[in-house]
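This report concerns only the one structure given below.
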Number of protein chains: 2
Amino acid sequence: METPLDHLIKRLARLPGLGPRSARRAALYLLQNRETMMIPLAEEMTDVAHKVRHCVECGNLDLHDKCSICLDSRRDHARICVIEDVADLWAMERAGVFAGTYHVLGGTLSALDGRGPAELGIDRLVKRTEQIMVDHAEGEVILATSATVDGQTTAHFIAEKLTPCQVKITKLAHGLPVGGELNFLDEGTLAQAMRARTNL
Amino acid sequence: METPLDHLIKRLARLPGLGPRSARRAALYLLQNRETMMIPLAEEMTDVAHKVRHCVECGNLDLHDKCSICLDSRRDHARICVIEDVADLWAMERAGVFAGTYHVLGGTLSALDGRGPAELGIDRLVKRTEQIMVDHAEGEVILATSATVDGQTTAHFIAEKLTPCQVKITKLAHGLPVGGELNFLDEGTLAQAMRARTNL
């Protein structure tokens, strides 16, 4: 017979990064810290599940209909960085290298997974870009999808859709990661790094 | 300003097996599966936090004051396996090599962490052992604490306390783990495996 504890462990094991073994450890840890961890965690989860929503503008997760990045007047609203998901947005924000706005696709184009241009909000992105050209006369869309086949296909599709807007379209540089050692690098990256080499 | 989502991620990162990076991934996964994962998980957590308690007999976690192992008449109630925590009990049950009952210490003796004989329920273990000798005339206490200094110190302390009961006291064998390769093994284990060698 399965107890509620078994159910909880099974559900914890479905979280990315946790397996059956670590789910059991996590469940025990929670039980040993009921008042300080287990009950607050459950409450916070319920709270976040009800409060957090997608920004109507960019697709970011926030407590309001428009996210804090889209509402921030100090950011450069003439630049949109197109990324696959919110985790990428968080990574960009942690790096602190971009002060514009975002468009979160929520994945890449995929016939298999039934994700077409509508699911990725590409019409919304085109409309925002058109508005940028009206408001600022110039703008930039940075295609920062993954360096995978799906990511690059999606980037090319978006670039085509944006061509009529006459906006500047850029993509992230490819090359050696910081701290990367040559002998651990795949040939594709090495080839790109060589082709895009710069003067010292 | 910290949002409820930040709080949730920080709390998830405190779970064993999750770090800041995987906590973010887990939080995103939960948000993307609110109805099927996030809300049920929060509910199950609340449910378990309120329902699960320690068995008054052995310290195991269960829904009732006496756990299903202590209540199971098909198990050998003349044998007690002493383990450090519930995770060890689960490991023993998965291995299916022991059909007796348990005593969950909840840790090892540690002056530093303020865990003395009372915290480990050693008096309760002695009383259970005395009762076994009355009911069954013979019995066995298997000391299955970890092969660490603390684990072995605790085992010796318990063995001393149980001596007046005249119960059979055993401990788990030390040696080569199954599938273990000699060249990866520490010298301590190798020495124990050599000393305890058996005839082929």
Side-chain angles (χ1 to χ4, degrees), chain A residues 1 3-54 60-64 67-68 85-91 94 106-107, chain B residues 1 3-54 60-64 67-68 85-91 94 106-107:
Chain A
M1 200 201 67
T3 67
L5 184 55
D6 296 328
H7 284 291
L8 174 62
I9 292 170
K10 275 200 182 158
R11 200 176 283 281
L12 282 171
R14 284 165 58 191
L15 290 180
L18 284 180
R21 216 188 148 80
S22 43
R24 279 193 298 268
R25 266 174 58 216
L28 266 186
Y29 172 79
L30 286 171
L31 277 164
Q32 281 155 2
N33 301 277
R34 279 180 225 213
E35 298 305 322
T36 56
M37 276 291 293
M38 197 169 198
I39 291 168
L41 181 57
E43 284 169 358
E44 286 173 13
M45 240 177 236
T46 310
D47 187 46
V48 168
H50 290 112
K51 276 190 190 157
V52 170
R53 63 198 76 181
H54 285 282
N60 186 13
L61 289 167
D62 209 298
L63 300 177
H64 309 285
C67 79
S68 58
D85 58 40
V86 176
D88 299 336
L89 188 156
W90 290 347
R94 277 199 305 281
Chain B
M1 199 200 67
T3 66
L5 183 55
D6 296 328
H7 284 293
L8 174 61
I9 292 171
K10 274 201 184 157
R11 200 175 282 280
L12 282 172
R14 284 166 58 191
L15 289 180
L18 283 180
R21 216 189 148 80
S22 44
R24 281 194 297 268
R25 267 173 59 217
L28 266 186
Y29 172 79
L30 287 171
L31 277 165
Q32 282 155 0
N33 300 279
R34 277 178 225 214
E35 299 304 323
T36 56
M37 276 292 293
M38 196 168 197
I39 291 169
L41 181 58
E43 284 169 358
E44 285 172 14
M45 238 176 239
T46 310
D47 187 45
V48 168
H50 290 112
K51 277 190 190 157
V52 170
R53 64 198 74 182
H54 286 282
N60 186 15
L61 290 167
D62 209 298
L63 300 176
H64 308 284
C67 79
S68 56
D85 57 41
V86 177
D88 299 336
L89 188 157
W90 292 348
R94 278 199 306 282

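Treat the numbers as computed from the prediction; the structure is a model and nothing was measured. Chain letters run A, B, ... following the sequence lines, proteins first, then strands; residues in each count from 1.
Contact annotation for B:L30: only side-chain heavy atoms (C-beta onward) come within less than 4.5 Å of a heavy atom of chain A. For A:L8, the parts sitting under 4.5 Å from any heavy atom of chain B are the backbone and the side chain alike. For B:L5, the parts lying near chain A are the backbone and the side chain together; criterion is any non-hydrogen pair under 4.5 Å.
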Which pairs would a plain distance check flag for residues 45-54 of chain A, meaning a side-chain donor or acceptor within less than 3.5 Å of a matching protein atom at least two apart in sequence or in another chain?
residue	atom	partner	partner atom	Å
A:T46	OG1	A:A42	O	2.8
A:D47	OD1	A:K51	NZ	3.0
A:D47	OD2	A:K51	NZ	3.4
A:H50	ND1	A:T46	O	2.8
A:R53	NH1	A:D65	OD1	3.3
A:H54	ND1	A:G59	O	2.9

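Interface summary for chain B: among A:D62, A:L41, A:L15, A:L61, the most heavy-atom pairs under 4.5 angstrom belong to A:L41. Annotation: maximal heavy-atom pairing with chain B below 4.5 Å, among A:H7, A:R21, A:M37, occurs at A:M37.
Nearest heavy-atom pair, B:A26 versus A:P16, reported as atom, atom and distance to 0.1 Å: CA-CG, 3.9 Å. When all heavy atoms of B:P4 and A:L63 are compared, the pair lying nearest together is CD-CD1, 3.5 Å.
For the side-chain hydrogen bond (donor to acceptor under 3.5 Å, both in side chains) condition, the pairs that include at least one residue of residues 25-45 of chain A, sequence neighbours left out, are A:E44-B:R11.
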